[in-house]
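Heads up, the thing below is written out as structure tokens.
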Amino acid sequence: MLKLAVLISGGGSNLKALIEAAADPSYPARIVCVGSDTEAPGLEHARAAGVPTFVVRPQDSDSREEWGQLLAAAIQEHGVGTGPEPGLVVSAGLMRILPAGFVREFSPNLINTHPALLPLFPGAHAVRDALAAGATETGVTVHIIDEGVDTGPVLRQAHVEVQPEETEEELHERIKQLERPLLVRTVRDIALDTLDLVQISQQHQS
Ligand code: GRF
């Protein structure tokens with residue numbers, strides 16, 4: 001059974017999809033904790049499901065690296081990133097760049113979901129940037145996190161056609177409708193070793 005630590009900053013609809021998937025005994029992963037950089041509304045999904053939560057605020061640290069160390073320690077307290085079965089850290093709407101030390105600590109068992117077809121439109125405003133660029137198609141990418149901003153190896157993608165006159169919120173919601181099941185399937189495939197993160201990450205580096 002793959003142990004998951006999920007990191008969020010907002011409403012947590014991707015987290016909710018993972019919680020619902022993991023409630024099925026045949027799903028090969030379990031969420032052992034949910035962390036955030038802020039008192040995110042989505043933490044309620046975890047609390048309602050009886051999953052332990054924690055908040056580690058960057059403002060309470062002297063540096064980004066120190067924040068990353070505190071975040072890593074909070075995750076490791078729940079048995080992810082330690083021992084022979086390291087588990088998986090899932091950034092599912094965490095709106096912060098994880099510091100290099102944190103990435104090195106968990107790599108390659110550290111994934112992110114991003115609302116664009118990477119390498120197109122990395123960064124915090126992917127949906128807005130796709131609309132501003134006049135893209136006719138965008139989508140979602142689940143990828144391994146490396147030390148760059150949305151540059152790690154792509155695991156899975158799903159495509160969405162942009163509709164004329166669509167707002168950022170409307171497009172983002174349509175992307176999220178594909179994003180939630182894509183994330184659930186990707187985590188399942190990692191748990192079942194259909195996706196081998198060590199191998200994919202080594203291939204990406206060579
Ligand atoms: C997702 O689209 C994620 O890719 C992006 O922020 C959104 C989070 O949505 N980084 P939610 O909090 O899971 O509803």
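In listed order, ligands and their atoms are each counted from 1.
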*asked:* Taking salt bridge (Lys or Arg N to Asp or Glu O under 4.0 Å) as the cut-off, I'd like each qualifying pair that reaches into residues 69-83, sequence neighbours left out, listed once.
replied: none

*If you measure only the distance, is there a donor-acceptor pair under 3.5 Å linking the side chains of Glu179 and Thr113?*
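Yes, side-chain donor-acceptor contact under 3.5 Å.
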
*Taking any residue with a non-hydrogen atom under 4.0 angstrom from an atom of ligand 1, which ones do you get?*
Gly11, Gly12, Ser13, Asn14, Gly93, Met95, Thr113, His114, Pro115, His172, Lys176, Glu179

*Any sub-3.5 Å donor-acceptor pair from Glu166's side-chain atoms to Gln163's backbone N or O?*
yes

*Could you give the distance from CD1 (Ile111) to CZ (Phe106), rounded to the nearest 0.5 Å?*
14.0 Å

*Residues in side chain to side chain donor-acceptor pair (under 3.5 Å) with Glu137, at least two apart?*
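If we apply the side chain to side chain donor-acceptor pair (under 3.5 Å) test to Glu137, skipping adjacent residues, the hits are His159.
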
Indicate every side-chain donor-acceptor pair of residues 89-103 with a distance under 3.5 Å to a residue at least two apart or in another chain.
{"unit_1": "Ser91", "atom_1": "OG", "unit_2": "Asn112", "atom_2": "OD1", "d": "2.9"}
{"unit_1": "Arg96", "atom_1": "NE", "unit_2": "Asp37", "atom_2": "OD2", "d": "2.8"}

